[in-house]
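Here the structure is a predicted model, which is why all the values come from computation and not from measurement. Below, chains carry the letters A, B, ... as their sequence lines are ordered, and counting in each starts from 1.
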Number of protein chains: 2
Amino acid sequence: MQGRPTINDVAQAAGVSKSAVSYALSGRGRIGAETRERVLAVAAELGWQPSQQARGLSSSRTYAVGLVFARPAELIGADPFFAPFIAGVEAELSHHKYALLSQVIVGGEAEEEEGYRRLVSGGRVDGMILTDLRDFDPRIGLLRDLGMPYVAVGRPMQAIDGPAVSNDDSASVTSAVDHLADLGHQRIAQVSGSRALVHGLERERAFHRALAARGLYAGTVIPGDFTGQSGAEGMSALLGLSPRPTAVIFANGLMAIAGMQEAARQGVSVPADISVVALDDNPIAPFVTPALTAVHTDVLLWGSLSARTIMAWIEGESDTSDVTLTSELVVRGSTAPPPSP
Amino acid sequence: MQGRPTINDVAQAAGVSKSAVSYALSGRGRIGAETRERVLAVAAELGWQPSQQARGLSSSRTYAVGLVFARPAELIGADPFFAPFIAGVEAELSHHKYALLSQVIVGGEAEEEEGYRRLVSGGRVDGMILTDLRDFDPRIGLLRDLGMPYVAVGRPMQAIDGPAVSNDDSASVTSAVDHLADLGHQRIAQVSGSRALVHGLERERAFHRALAARGLYAGTVIPGDFTGQSGAEGMSALLGLSPRPTAVIFANGLMAIAGMQEAARQGVSVPADISVVALDDNPIAPFVTPALTAVHTDVLLWGSLSARTIMAWIEGESDTSDVTLTSELVVRGSTAPPPSP
DNA sequence: CTGAAAGCGCTTACAG
DNA sequence: CTGAAAGCGCTTACAG
């Protein structure tokens, strides 16, 4: 016996059959308590852990979940979502002996599709977690056709027969607008992220609803793409407007920080002349000058809930209903009352 | 035939044996060119992809590599290393049909060890990539005892019988010191990251060597821990010194940005009163005010080289020598000549 | 050049 | 309550 011990080694050492060892471990009855204890003791002594690979082959399972994450090169290191999200996913998966096959890809939709194909076609995973959901996302049809369980991170437009775990983007935007309106702002603009993503659209609609609810006129929306550059360009465009908005809501922290830099470059002071809020928080946000007011989401929890949901589907539990998280506005230094006219 | 097609389906459809299909795919000779083409055509038509699980079981391999990454909660979203590193790893692995099992953990050394145990003991991986190398890192002995191939990301202190893929930290520090010395700085300080990590020690030694080489007196080194808060505290401590340093080198971008905020809070201007350099770049660095001068490493490449190295060991190639990357100083707005006395 | 067979390390109905 | 056997989908010496 060299290398990892196998179930045969344990069976022999304990003087029982292979099946007895298997049943002892899974605890699926059919074995005496005394025998079971002995087998378990022997297994522990030999340091035996069942091969997930063999286990998977015979049970037609992999005990692994897949996650593909595609970003353009400029964003790959700047996105504060990925690491805590998979940390949350794994905290939950590891309790149930599941592993995560996460694929990070530099690129866009095409590269992402390729990543899916790789994970699914190699038979490596029992289910997939879908992030960056797009309207009428083709991946959903693909996975359904393959009979592969999935969970959508974000609520898609189309009706799907799978569960979604979403952040309440509408509430996030509303909290930002309300905060600014409470400070007295009347001209509020938005620099959005990608409109192709589900939550981009949702946020834009929520923006207009929230303004209307406060009796404010429709705000300008400048399209962006989550990069710092698009944040700076958005700010620049807004500063050229007349009358100029007194507050701007950016899709994420990177855009907001770049927007503040652009304002500084043009001699416009944040928050004295213009207030700034980000819809996604960033760990650097407290440390820039002024510290950035942002809507904060518990991304770790988001990951955990996604993991729990996909495992429930894989294990055939019927409890695969949708889950919604809510975010919280964190007021820091980049928002203040508008300048007096 | 429902679900994924198997090798049997292909064999039957092509009118050959299972082994013929297997040989056709692997191309390991022993099959006629004509037969081979026909088999491949049938496989493509049925959309057959060999199950990596079954393949692995019979060849005592998993075709997967593991990577564990542990960070305290404050840093998990702020670290610009992880995502591009695994993107680089995967770009390389996927060419060779390897998958990456990456485990992200919120926590420290203890939680990290547990992550290793999980990946290795479940027989999920053929090799491991070790990041955040510590002096005399216990993981190296552990993996050696298990006969598990590994690659060290960073060159460890102890002699190891495995390969290392390292950034030349000494050159990074030297380029930062030289840049500041060229600008005329004479009192240069450092706020370090964790001294427990290999590259922390290396950087501190290189700092003193580089100063000596320029004929400058030993600089103050304030210990930090990679968090923004420790960056702010480090800056605060340095501003209290008399005479005060005119330039500070921080271990990473987050610390440097927080340090600049602290300087601003105390009415000290960057770079007019004090220059700031970061030893690890951050995608936000160009967008803060002033834009942060930093030493930039090609993390994607680092990941690719690490992947290539671990695969070489797994495949039994003898070419597993060490690899060294060098970084490049990117001068932005946070460095300038020192104030006139 | 090709096929039949054993085996990788498990799980799980099926007999006793 | 427990064991012997088949089978998961591949790979790879071994015969022909």
Only stems of 3 or more consecutive Watson-Crick or G-U pairs count here, both distances under 3.5 Å; name the ones for DNA chain C, or none.
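The stems are C:1-3 with D:14-16, C:5-12 with D:5-12, C:14-16 with D:1-3.
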Measure the distance from [atom1] on [X] to [atom2] on [N] and round it to the nearest whole Å.
X: B:R55; N: D:dC8; atom1: CZ; atom2: P; answer: 20 Å
X: B:I31; N: D:dT11; atom1: CD1; atom2: C1'; answer: 14 Å
X: B:N8; N: D:dC10; atom1: CG; atom2: P; answer: 8 Å
X: A:Q52; N: D:dC8; atom1: CD; atom2: C1'; answer: 15 Å
X: A:L57; N: C:dC8; atom1: CG; atom2: P; answer: 13 Å
X: A:Q49; N: C:dG9; atom1: CD; atom2: P; answer: 16 Å
X: A:R38; N: D:dT2; atom1: CZ; atom2: P; answer: 9 Å
X: B:R36; N: C:dT2; atom1: CZ; atom2: P; answer: 12 Å

Residues in salt bridge (Lys or Arg N to Asp or Glu O under 4.0 Å) with B:R118, at least two apart?
B:E114
Can you sort out the partners of B:R117 under salt bridge (Lys or Arg N to Asp or Glu O under 4.0 Å), two or more places apart, ordered by chain and number?
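B:E113.
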Is there a donor-acceptor contact under 3.5 Å linking the side chains of A:T324 and A:R155?
yes
Between B:Y63 and A:R124: side-chain donor-acceptor atoms closer than 3.5 Å
no
Donor-acceptor pair, B:E90 side chain versus A:V104 backbone, under 3.5 Å?
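Yes, because the side chain of B:E90 sits within donor-acceptor range (under 3.5 Å) of the backbone of A:V104.
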I want to verify a distance call: between C:dC10, D:dT11, D:dG9, whose nearest atom is closest to the A:P50 side chain?
C:dC10
Can you tell me which nucleotide in C:dG3, C:dT11, D:dG9 comes closest to the side chain of B:A20?
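Within the option list, the nearest is C:dG3.
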For residues 134-141 of chain A, dump all side-chain donor-acceptor pairs below 3.5 Å to protein atoms at least two apart in sequence or in another chain.
{"from": "A:R134", "atom 1": "NE", "to": "A:E109", "atom 2": "OE1", "distance (Å)": "3.4"}
{"from": "A:R134", "atom 1": "NH1", "to": "A:E112", "atom 2": "OE1", "distance (Å)": "3.2"}
{"from": "A:D137", "atom 1": "OD1", "to": "A:R139", "atom 2": "N", "distance (Å)": "3.0"}
{"from": "A:D137", "atom 1": "OD1", "to": "A:R139", "atom 2": "NE", "distance (Å)": "2.9"}
{"from": "A:D137", "atom 1": "OD2", "to": "A:R134", "atom 2": "N", "distance (Å)": "2.9"}
{"from": "A:D137", "atom 1": "OD2", "to": "A:R139", "atom 2": "NE", "distance (Å)": "3.3"}
{"from": "A:D137", "atom 1": "OD2", "to": "A:R139", "atom 2": "NH2", "distance (Å)": "2.7"}
{"from": "A:R139", "atom 1": "NH1", "to": "A:E112", "atom 2": "OE2", "distance (Å)": "3.0"}
{"from": "A:R139", "atom 1": "NH1", "to": "A:Y116", "atom 2": "OH", "distance (Å)": "3.1"}
{"from": "A:R139", "atom 1": "NH1", "to": "A:T131", "atom 2": "O", "distance (Å)": "3.2"}
{"from": "A:R139", "atom 1": "NH2", "to": "A:T131", "atom 2": "O", "distance (Å)": "2.9"}
{"from": "A:R139", "atom 1": "NH2", "to": "A:D132", "atom 2": "O", "distance (Å)": "3.3"}

So, A:R71 and A:E111, do they make that salt bridge, N to O below 4.0 Å?
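So A:R71 does not pair with A:E111 through a salt bridge.
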Would you please name every residue forming a side chain to side chain contact (heavy atoms under 4.5 Å, CB included) with A:S304, sequence neighbours left out?
A:E92
Between B:T35 and B:S59, name the one whose nearest nucleotide on DNA chain C is closer to the 5' end.
B:T35
Extract from the structure each pairing of a protein N or O with an N or O of nucleotides 4-7 of chain C at less than 3.5 Å, listing the distance.
{"from": "C:dA4", "atom 1": "N6", "to": "B:S19", "atom 2": "OG", "distance (Å)": "2.6"}

Please tell me if the side chains of A:F82 and A:I76 come closer than 4.5 Å, counting only heavy atoms from C-beta onward.
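In short, these two side chains do not touch, never coming nearer than 4.5 Å.
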